[in-house]
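Structure first, commentary second.
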Amino acid sequence: MVTKKDTEMMETDISLVMNIKTGNKQALGRLVERHKKLAYQIALGLVGNKDDAYDISQEAFLRVYRSAGTYDENQPFLPWFNRIITNLCRTWLKRRSLYARRMVDVDDNAYLLVDPRNPEQELIRSETVACLCRALLELPFEDREIITLQHFRGMSYDEIASILDIPRGTVMSRLYYARKKLAKLMERNNG
Amino acid sequence: MDKHLHELLAGYVDGELSDDERRAFETALVTDPELRRELEEFKKLKEVTGLMTYADLPEEVWENYWQSLYRKLERGFGWIFMSLGAIILLCFGAFSALYEIYTDPGVSLWVKAGLAALIIGAIVLLVSYVRERLFAYNRERYREVNR
């Protein structure tokens, strides 16, 4: 017997967007339940602020609803969705750089925490966390994006290649250069 | 360093290499001290980031996520209809007022001429602004750059 849960699992992202195209808000609700944390975490990695990441993730779903008509059902959903989120983050960062006062937001350094489930958590000092947070926010946008997906979302190279719509080899080389820059920034911030 | 080795280095740290790629990388590692240094650097970085996680939101925020989004969706429609209504009423009001003024023989010709100049000026400025924005948009070099 096919249960309700099975039906939900069988429902692909693409079929949900097709339903959203017809104005079906329940389909949007199911898509939101499926990807809300992914959207929030991608945005958080890119803008480094919890409240703004929350707002951006919600705006991304609103864009999905409004732009569902332009979605090409022959293309996978996640790269399209990721582009919506990254474009929103770019706009947000541009706006933030115009209003430089926002840069000193006290919350900015609290978007990364030592994982409480990790038994070695006490080995990490708060300065290291702050140093990493700063270094990540100083990274160029594209580098921060790939570091977010690999280091903090724990995605495989195939998943990253799919979501960013780039070849696997490009994932590897982009990760190499992003890590080089991150290591250099951390070294500089450590003094 | 060989560009291919860069890619292999990233894949080696993340355990994403095939057996052949891993063997090739380990062979290069024996003879290349710079590669060994970079490997250590990346391992250390991976270790530090591996101990961290993104700050999550409280559970009640996630529970109310959809309701909050739904409210924004509804408000969005509200704003669209309100703006549309305001535009229609303003246009109708402006048209009626202008009609009254221009068909009223009691209003001085100077007032009519001044008002006409004001309207023409506003239209010229609006067209010029829109054209400038369109021009800038078409010339935007990074418009298509998404990542």
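Just so it is clear: chains get the letters A, B, ... in the order the sequence lines come, proteins before strands, and each one is counted from 1.
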- [ ] Only counting residues at least two apart or in another chain, list the ones meeting salt bridge (charged side-chain N to carboxylate O under 4.0 Å, His left out) with B:Arg131.
- [x]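 With sequence neighbours excluded, B:Arg131 shows a salt bridge (charged side-chain N to carboxylate O under 4.0 Å, His left out) to no residue whatsoever.
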TODO: Against chain B, work out which of A:Arg168, A:Lys25, A:Glu59, A:Gln41 has the most heavy-atom pairs shorter than 4.5 Å and name it.
DONE: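 Top count of heavy-atom pairs under 4.5 Å with chain B: A:Lys25.
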- [ ] Heavy atoms only, distances under 4.5 angstrom: which of A:Leu132, A:Leu175, A:Ile147, A:Val171 has the most pairs with chain B? Name it, please.
- [x]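 Answer, by heavy-atom pair count under 4.5 Å with chain B: A:Leu132.
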Task: A:Tyr54 and B:Tyr65 aromatic centres sub-6.0 Å - done: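 Centroid separation for A:Tyr54 and B:Tyr65: below 6.0 Å.
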Task: Pair A:Tyr176 and B:Phe42, ring centroids less than 6.0 Å apart - done: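 So the answer is yes for these two rings.
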- [ ] Could you please state which residues from residues 70-83 of chain B sit under 4.5 angstrom from chain A, measuring non-hydrogen atom to non-hydrogen atom, sorted by number, or 'none'?
- [x]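 Listed by number, the contacting residues are B:Tyr70, B:Lys72, B:Leu73, B:Phe77.
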- [ ] Can you tell which part of A:Leu136 gets under 4.5 Å to a heavy atom of chain B, answering side chain, backbone, both or neither?
- [x]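 A:Leu136 has no heavy atom closer than 4.5 Å to chain B.
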Open item on the list: Please classify the contact between A:Arg153 and chain B as side chain, backbone, both or neither, with a heavy-atom cut-off of under 4.5 Å.
Closed with: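 When you check distances to chain B, no heavy atom of A:Arg153 falls under 4.5 Å.
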Task: A:Phe152 side chain reached by B:Thr53 side chain, heavy atoms, under 4.5 Å - done: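 When only atoms from C-beta onward are counted, A:Phe152 and B:Thr53 do not touch, as no gap falls below 4.5 Å.
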Open item on the list: What I'd like to find out is whether the side chain of A:Glu33 reaches to under 4.5 Å of the side chain of B:Trp66, using heavy atoms alone.
Closed with: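 Answer yes - side chains close enough.
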TODO: Apply the test side chain to side chain contact (heavy atoms under 4.5 Å, CB included) to residues A:Lys180 and B:His6: give CA-CA distance (whole Å), side-chain angles for both, the deciding distance (0.1 Å), then the verdict.
DONE: CA-CA 10 Å; A:Lys180 281 294 286 180; B:His6 290 165; over 6 Å; no
TODO: Would you check if there is a donor-acceptor pair between the side chains of B:Glu16 and A:Ser156 at a distance under 3.5 Å?
DONE: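 There is no such pair (donor and acceptor under 3.5 Å, judged by atom type) between the side chains of A:Ser156 and B:Glu16.
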Task: From CE (B:Met52) to SG (A:Cys133), nearest 0.5 Å - done: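 So the gap between those two atoms works out to 7.0 Å.
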Task: Between CG on residue B:Leu57 and OG on residue A:Ser57, distance to nearest 0.5 Å - done: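 If we round to the nearest 0.5 Å, B:Leu57:CG and A:Ser57:OG are 8.0 Å apart.
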Task: Per-residue contacts, residues 60-67 of chain A versus chain B, heavy atoms under 4.5 Å - done: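 The stretch touches chain B at A:Phe61, A:Leu62, A:Tyr65.
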- [ ] Please name the pair of heavy atoms, one in B:Gly11 and one in A:Met172, separated by the smallest distance, quoted to 0.1 Å.
- [x]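 Result for this residue pair: CA-CE, 4.1 Å.
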TODO: Decide yes or no on side chain to side chain contact (heavy atoms under 4.5 Å, CB included) for B:Asp56 and A:Lys37, but give the supporting numbers first.
DONE: CA-CA 9 Å; B:Asp56 201 0; A:Lys37 292 204 174 182; 4.0 Å; yes
TODO: Applying side chain to side chain contact (heavy atoms under 4.5 Å, CB included), name anything that partners B:Lys46, two or more places apart in sequence or on another chain.
DONE: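 Checked B:Lys46 against side chain to side chain contact (heavy atoms under 4.5 Å, CB included); matches are A:Gln150, A:His151, A:Arg179, B:Val13, B:Asp14.
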TODO: Tell me whether B:Ile123 is reachable from B:Leu90 by hopping between hydrophobic residues (I, L, V, M, F, W, Y) whose side-chain heavy atoms are closer than 4.5 Å.
DONE: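 The answer is no; the residues belong to distinct hydrophobic clusters.
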